[in-house]
Number of protein chains: 2
Amino acid sequence: MSKKKISLKDIAQQAGVSTALVSYVLNGKEKESRVGHEIALKIKKIAKELNYQPNHLAKSLRSGKTYTIGLIIADLSNPFFANIARIVEDEARHNGYTVIIGSSDENAEKSWDLLNVLLNRQVEGFIIVSSENAENQIYYLKEKNIPFVLLDRHFSEIQTDFVTINNFKASYDAGIHLLQRGYRNIGMIAYKSQLFHMKERIRGYLYALKDSNVHFHKNWLKEVRFNYIEKEVKAAIDSMLASDLPVDAIIFATYGLAINGLKYINELHLKVPTDLGIVSFGQAEGFDLYYCPITYLKQPIEDLGKTAVELLVKKLKNPEQGMQQVLMEAKLIVRESSKAKHEL
Amino acid sequence: MSKKKISLKDIAQQAGVSTALVSYVLNGKEKESRVGHEIALKIKKIAKELNYQPNHLAKSLRSGKTYTIGLIIADLSNPFFANIARIVEDEARHNGYTVIIGSSDENAEKSWDLLNVLLNRQVEGFIIVSSENAENQIYYLKEKNIPFVLLDRHFSEIQTDFVTINNFKASYDAGIHLLQRGYRNIGMIAYKSQLFHMKERIRGYLYALKDSNVHFHKNWLKEVRFNYIEKEVKAAIDSMLASDLPVDAIIFATYGLAINGLKYINELHLKVPTDLGIVSFGQAEGFDLYYCPITYLKQPIEDLGKTAVELLVKKLKNPEQGMQQVLMEAKLIVRESSKAKHEL
DNA sequence: AATATAGGTTTAATCGTTTAAACAAAAAAT
DNA sequence: ATTTTTTGTTTAAACGATTAAACCTATATT
């Protein structure tokens with residue numbers, strides 16, 4: 001049934017010429033290589049007839065270029081990242097690259113695994129949404145001079161190419177927004193993480209309070225562990241509310257935290273925004289479904305993904321390309337959950 | 001900085017032997033090939049020292065096996081599919097396979113593109129969450145004898161391997177559930193689609209009514225177009241409610257439909273489940289966030305993904321492997337949105 | 001007429017592996 | 001002391017493509 005794969009040789013045989021000619025013609029080098037017009041036509045015809053599909057492996061082996069990039073995603077089950085993956089794959093393909101995606105599931109060890117599998121596969125470069133404790137992997141890539149671009153998350157202490165949003169500003173904006181709307185005791189729930197973007201989100205929050213002369217109460221900031229998210233978010237909220245200076249608004253540093261937090265807020269029969277104002281990072285349909293649409297920081301997903309590909313491709317085409325770092329703005333989408341206090 | 005890649009040849013040189021020996025040793029064939037014990041150790045040591053990483057391209061070219069499978073996903077931005085992708089990638093890697101993922105975005109043409117790119121890349125087989133109108137692609141693969149497994153969606157008129165849930169039964173269960181809870185005028189919003197799983201969901205719904213001797217009112221079933229989902233879902237709901245036999249419950253045939261529908265139901269200030277009982281296919285955090293947790297059909301995501309890989313790998317290892325078709329059960333997770341009428 | 005140039009095609013090396021087959025030397029069997 | 005067997009190693013072809021170089025032949029230039 002399935003006839004064997006057609007190779008250059010098969011075409012050459014049918015046409016009664018050497019494989020060299022076939023290669024020249026099929027790669028559009030008939031001019032430079034002065035292939036006879038007749039024979040060129042014949043070769044093309046036969047190639048079409050046999051439905052010739054070049055073997056990418058052979059091409060790559062010979063040329064040293066695989067036109068493949070590795071995409072390591074911290075958590076593919078997160079819709080934000082899944083969307084990024086979709087964009088990256090699409091954009092890369094339009095640039096002639098194929099993407100191999102792996103989800104590290106926020107686990108540095110798995111990330112190493114993936115990195116090695118992909119390197120074995122001769123990927124030319126990486127786009128990485130890094131997980132925590134993966135610094136060594138980044139250093140490794142740097143040392144080996146393997147091109148890569150960090151996406152969404154980067155490390156302040158390692159000089160690399162990256163594309164992220166300005167997390168400090170985004171968080172700062174969120175804080176200022178709530179303050180302007182009349183909220184005073186603003187809490188933040190973030191992940192306990194060494195990752196720079198998370199620290200920036202916290203820093204932005206703190207500066208918003210500071211710049212507004214609101215005295216920060218240490219009980220307002222909660223850092224929960226990824227692996228205990230459900231339990232610890234609950235505890236965080238309990239604690240924030242039980243304090244002598246209970247919060248009247250919460251900023252969630254990620255979409256996942258918000259989901260957990262809002263669920264618990266429902267359980268407690270607290271009303272948003274009457275009892276608690278809410279702003280969250282990330283976006284997802286879930287926020288639209290909440291009885292009170294959530295104010296959130298919208299990240300330019302498409303732009304982030306496309307730019308990451310663009311930078312990487314630029315670097316692959318030109319190894320001399322200098323460091324490229326892009327910061328984008330997140331946009332605060334204001335909705336019901338942060339309604340002005342005086343309107344409540 | 002980055003020293004050139006280490007090849008078998010380099011190791012052979014250092015050890016003062018031929019590449020053949022190195023290959024034997026590094027592939028654990030020292031026994032069969034009677035390699036000297038001493039030299040074997042030496043080779044291993046050098047390989048480790050130089051941190052030798054085999055070139056997968058060369059291996060594949062020579063052996064004809066790429067240990068790569070293509071995963072074509074109808075819509076990677078859908079969390080359900082993103083999760084499937086994550087599972088498939090993980091499971092495949094544990095079986096020694098690498099996955100190249102592409103999102104067809106419910107577009108048959110893009111799906112063709114992907115298919116060809118992946119075939120060029122010499123993938124050994126496919127796992128496909130098919131989009132509509134992709135029958136020709138399936139026939140193509142069959143004709144070419146290229147192994148593949150359809151996942152989540154399959155075509156009733158094409159004999160293929162597949163792994164899906166029993167959509168008829170799931171939908172039937174949802175219908176019966178609502179009827180038992182006292183709802184009488186049950187509507188369904190589905191996609192207008194030739195895809196078998198969608199037809200099955202509709203069929204299950206209709207049979208649930210029939211078997212319960214509830215007369216089906218043609219205004220209760222709405223099929224909306226994917227590309228006009230927002231507008232048409234609204235129109236569907238309006239129409240269902242305006243009818244002389246207005247619905248008191250709705251089954252959404254997919255997660256995406258539910259999101260849109262629930263948003264609109266909020267806009268209309270209708271209360272779930274008092275005004276409208278709800279059951280939906282699919283799962284996502286969004287459902288938990290709704291003021292009234294949504295009753296939904298939970299699909300065994302992990303099982304689906306793993307089984308698809310399993311079937312494909314089995315087929316790759318043994319081309320004689322006969323047709324494999326697996327139907328799994330979706331589980332109805334009962335929550336507030338379908339509360340018994342008499343308890344309201 | 002001898003030489004240079006252009007036109008058209010083939011040869012052969014190469015990329016990094018694998019592996020059947022050939023080869024050589026030592027050990028065992030005659 | 002031969003022959004056979006075993007053990008250890010190398011050779012070389014193959015996978016499917018690319019491409020510099022070599023090679024013809026015919027025409028143009030001197």
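Numbers restart at 1 for each chain; the letters A, B, ... are given by sequence-line order, proteins then strands.
Toward the 5' end of DNA chain D, the nearer of the two residues A:S23 and A:K9, judged by each one's closest nucleotide, is A:K9. Comparing B:L61 and A:S63 by the nucleotide of DNA chain D whose heavy atom lies nearest to each, the residue mapping closer to the 5' end is B:L61.
Counting only distance, with no hydrogens or angles, the side chain of A:T68 and the backbone of A:T66 share a donor-acceptor pair below 3.5 Å.
Straight-line distance from the CD atom of A:E32 to the P atom of C:dT9: 16 Å, rounded to whole Å.
Salt-bridge check for A:D90 with A:K306: failed, with every basic side-chain N at 4.0 Å or more from each acidic carboxylate O. Using a cutoff of 4.0 Å between basic side-chain nitrogens and carboxylate oxygens, A:E89 and A:R93 are scored as salt-bridged.
Residue contacts for A:S60: at a heavy-atom cut-off of 4.0 Å it reaches no nucleic acid atom on any strand shown. Residue contacts shown for A:L57 are absent, as no nucleic acid heavy atom lies under 4.0 Å away.
Side-chain nitrogen and oxygen atoms of A:K29 include at least one within less than 4.0 Å of the OP1 or OP2 phosphate oxygen of D:dT19. Within the 4.0 Å cut-off from OP1 or OP2 of C:dG16, not a single side-chain nitrogen or oxygen of B:K5 is found.
For A:Y24 against D:dA17, a side-chain-to-base donor-acceptor contact under 3.5 Å is absent.
Proximity note for B:A58 (side chain, C-beta onward) versus C:dT19, C:dT9, C:dG16: the nearest is C:dG16. Listed nucleotides C:dT10, D:dT9, D:dA17 differ in distance to B:V35; the shortest reach to its side chain belongs to D:dT9. Closest to the side chain of A:S7, from the set D:dA17, C:dG16, C:dC15, is D:dA17.
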